[in-house]
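In what follows, a structure is listed as structure tokens, so that the remarks can point back to it.
Computed from a predicted model, the values in this text were never measured in an experiment.
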Amino acid sequence: MIFRNLFAALLLGGGLSAFAAEAPFEWIPPRNFSLEKGDWGLEQLPGVRKTLLFSPLPSEAPGGRYESPRHGLYNHTPAFILKDGFCLVYWVNHMIDENGPGTRVLARIGRIDEQRGTIQWQPGEKIFELIPPAGTVAPRPLDYTASRIDGFAATGHVSVIGDRLFVFSYINSCLGWVDDMKFHNWNFRGTAPDRNYFRNYRKGLLDRYHRISDYVQEWKFTGDALAAVSPLYALNAFPEEVKISESFTQQVAKPAEPYASALPLAQAPEEFRKVIRQPGEVFLRNPNYAPGTWHLAANGINGLAHFSEFERPDGTLVVVRDNLKDRSCYYYAAEKAAAAEFYPAAEKTALPGTSMPVAGTTAGGVCWIVGNNGPRTLMFITWSKGGRKFDRTAKVEYLARQVTPGGLKPAVSGPQYFKAVPWRDRIWIICSIAREEIAFLDIPVRSLE
């Protein structure tokens, strides 16, 4: 309610444009817009089609193992690639908790119907483990009391390089909590200062991730299936210990198979080693920042985390960010003239929203942003001809679902963590529903005209 009233006061009092004056784009609220309404009073975008890709079964993880690829109530951070006429969707899965021990990656395959512009998804029983768990499956305790590092979360991404498909996986572990964004990063391998590190959780703290080891394996579509066609190679040595903070070091347990038997990359064929160093096909734009600046905001509230990027018809680029340290829930943005440049610190915009946005540009030059409201129950889209004044906004989906209790999961939630790939005259979006289900949404571009 504080967020809603604050926004309403700014909007009515003229303060909204004042704090967003330096932002790279303007957002114009639609008629009948109200943060007092769960769906903001937005009209429904016509033509949206939704397919539920994964609805999980509860997991008790007997013996520290999943019952099947259909089990596990935490499902989040989806992504997808297109290759050989297929759409491969993959996402992080755990029995109940975010970043819990035994986290793995599941996947589902669909064949693209070129004539109809649709995807024929394989039956749910063909959902499979793309990246298996690296250790025992268990709930995640909020307070870090482990005597050694063995709560492994296995995640990763898929990369299409040339005509080949590679799964890059890595093992992370959550080793307590930090209060500075510099140490809240999946890629972090360093040591957190004692003053920023906490073993016991309290509201406002961030996960203290540690990237332990990295792997790569080649896969290939064969018929309607995806299978590994190379050994699993380790890109670096598995450490014996990790210095979590300046005064706190712990031993690291050995991972489970197949990671324990992964071959050193040096044993891979030379052409394999050369190929994986090449850039892959881009399915998700990654903004370019100078080292150490990716989290910086122009107003000094330096909590920028999730991102998306779009290119205007004039060639300028805009990055859209959320800010984990700004509780007022507005997106931030920055612009630059060329891809090779670094983005400056982002300005706070007038566009309300939080969590992982996604943005893009249609072939006709319409720039669009898909975002969330504060509770992550509303999925909206706003669009602009030219990318400077976003004066059209509509609802894609509104869903306020009661969530199965779990670590770092809200009581009520809905569609969130959007990823998108434009396909001809459509925008395909993958999202998590309440961090429990995975959905696919098809938006016709004509709805933005």
Side-chain angles (χ1 to χ4, degrees), residues 3-4 27 29-56 73-80 87 89 91 108 110 117-119 121 306 308 310 320 322 329-331 351-360 362 366-384 390 392-404 409-423 425-449:
F3 161 55
R4 292 180 176 179
W27 182 71
R31 188 177 61 176
N32 299 325
F33 173 80
S34 172
L35 285 172
E36 297 297 325
K37 300 177 181 178
D39 64 358
W40 291 355
L42 299 179
E43 295 183 0
Q44 176 66 47
L45 186 74
V48 177
R49 294 184 297 185
K50 176 183 173 182
T51 303
L52 195 61
L53 296 184
F54 186 71
S55 186
L73 289 180
Y74 179 85
N75 297 278
H76 205 30
T77 57
F80 63 110
C87 177
V89 177
W91 63 93
R108 188 171 183 179
T118 59
I119 299 178
W121 298 101
H306 307 104
S308 192
F310 66 87
V320 184
D322 71 344
C329 293
Y330 286 86
Y331 286 122
L351 177 62
T354 188
S355 188
M356 178 80 77
V358 68
T362 71
V366 174
C367 302
W368 53 268
I369 302 168
V370 171
N372 259 147
N373 62 346
R376 304 188 191 181
T377 52
L378 170 65
M379 177 184 182
F380 68 86
I381 185 167
T382 184
W383 64 98
S384 162
F390 285 80
R392 301 287 302 280
T393 303
K395 172 176 59 181
V396 178
E397 178 167 83
Y398 175 75
L399 177 63
R401 170 179 294 177
Q402 295 292 325
V403 178
T404 306
K409 293 170 70 178
V412 177
S413 194
Q416 57 194 276
Y417 263 65
F418 311 116
K419 298 290 176 61
V421 173
W423 190 85
D425 61 347
R426 321 198 75 81
I427 301 170
W428 286 343
I429 296 181
I430 300 290
C431 70
S432 167
I433 302 294
R435 307 191 195 189
E436 291 190 346
E437 297 178 325
I438 302 299
F440 173 89
L441 292 101
D442 183 331
I443 299 175
V445 169
R446 67 176 181 273
S447 294
L448 307 183
E449 295 173 350

Test side-chain contact (heavy atoms from CB on, under 4.5 Å) applied to V403 and R435, step by step: CA-CA 8 Å; V403 178; R435 307 191 195 189; 5.9 Å; no
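- With contacts defined as side-chain heavy-atom distances shorter than 4.5 Å, the pair T382/R392 does not qualify.
- Considering every non-hydrogen atom in both G38 and L378, the closest pair reads O-CB, 4.0 Å.
- Atom OG1 in T362 sits 14.0 Å away from atom CZ in R446 (nearest 0.5 Å).
- D442 places no side-chain N or O within donor-acceptor distance of the main-chain N or O of V48, the cut-off being under 3.5 Å.
- By the 4.5 Å heavy-atom criterion applied to side chains, T404 and K409 are counted as neighbours.
- Around the CD atom of Q44, the shell of radius 6.0 Å holds more than 12 heavy atoms that belong to other residues, nucleotides or ligands.
- Judged purely by atom type and a 3.5 angstrom limit, K419 uses its side chain to pair as donor or acceptor with the backbone of P78.
- No donor-acceptor pair closer than 3.5 Å links the side chain of S384 to the backbone N or O of C367.
- You'll find the side chain of V412 stays beyond 4.5 Å of the side chain of P375, heavy atoms only.
- Counting only heavy atoms from C-beta outward, the side chains of L399 and P415 approach each other to under 4.5 Å.
- The minimum heavy-atom distance between P30 and L42, with the atom names listed, is CG-CD2, 3.5 Å.
- Using modelled atom types, one side-chain atom of D322 and one backbone atom of H306 make a donor-acceptor pair closer than 3.5 Å.
- In this structure, OG1 on T51 lies 8.5 Å from CD1 on I119, to the nearest 0.5 angstrom.
- One distance of note links CE of M379 with NZ of K395; it measures 13.0 Å at 0.5 Å rounding.
- Aromatic ring centres of F310 and W368: separated by at least 6.0 Å.
- Between the N372 side chain and the P357 main chain, no donor and acceptor come within less than 3.5 Å of each other.
- To the nearest 0.5 Å, atom SG of residue C87 and atom CZ of residue F80 are 5.5 Å apart.
- Looking only at distances, a side-chain donor or acceptor of S308 sits under 3.5 Å from a matching main-chain atom of A359.
- The ring-ring contact (aromatic ring centres under 6.0 Å, His included) test with F54 is passed by exactly one of F440, W121, W91: W91.
- Summarising the geometry, atom CD belonging to Q416 is positioned 10.0 Å from atom CG belonging to N373; distances are rounded to the nearest 0.5 Å.
- Using bins of under 30°, 30° to 60° and over 60° for the plane-to-plane angle, the ring pair W428/W423 lands in the parallel bin.
- Judged purely by atom type and a 3.5 angstrom limit, T377 has no side-chain atom pairing as donor or acceptor with the backbone of G414.
- Note on ring orientation: taking the six-membered ring where Trp is involved, the planes of W27 and F33 are perpendicular (angle over 60°, cut-offs 30° and 60°).
- Looking at heavy atoms from C-beta onward, L448 lies in side-chain contact with L45 at the 4.5 angstrom threshold.
- Looking only at distances, no side-chain donor or acceptor of N32 sits under 3.5 Å from a matching main-chain atom of G41.
- A 4.5 Å side-chain heavy-atom check between P352 and C329 finds every atom pair outside the cut-off.
- A donor-acceptor contact shorter than 3.5 Å links the side chain of R108 to the backbone of L53.
- Looking at Y331, its side chain does come within 3.5 Å of a backbone N or O of T354 through a donor-acceptor pair.
- Between C431 and F418, the closest heavy-atom pair is CB-CD2, 3.5 Å.
- Between M356 atom CE and R376 atom CZ the span is 9.5 Å, to the nearest 0.5 Å.
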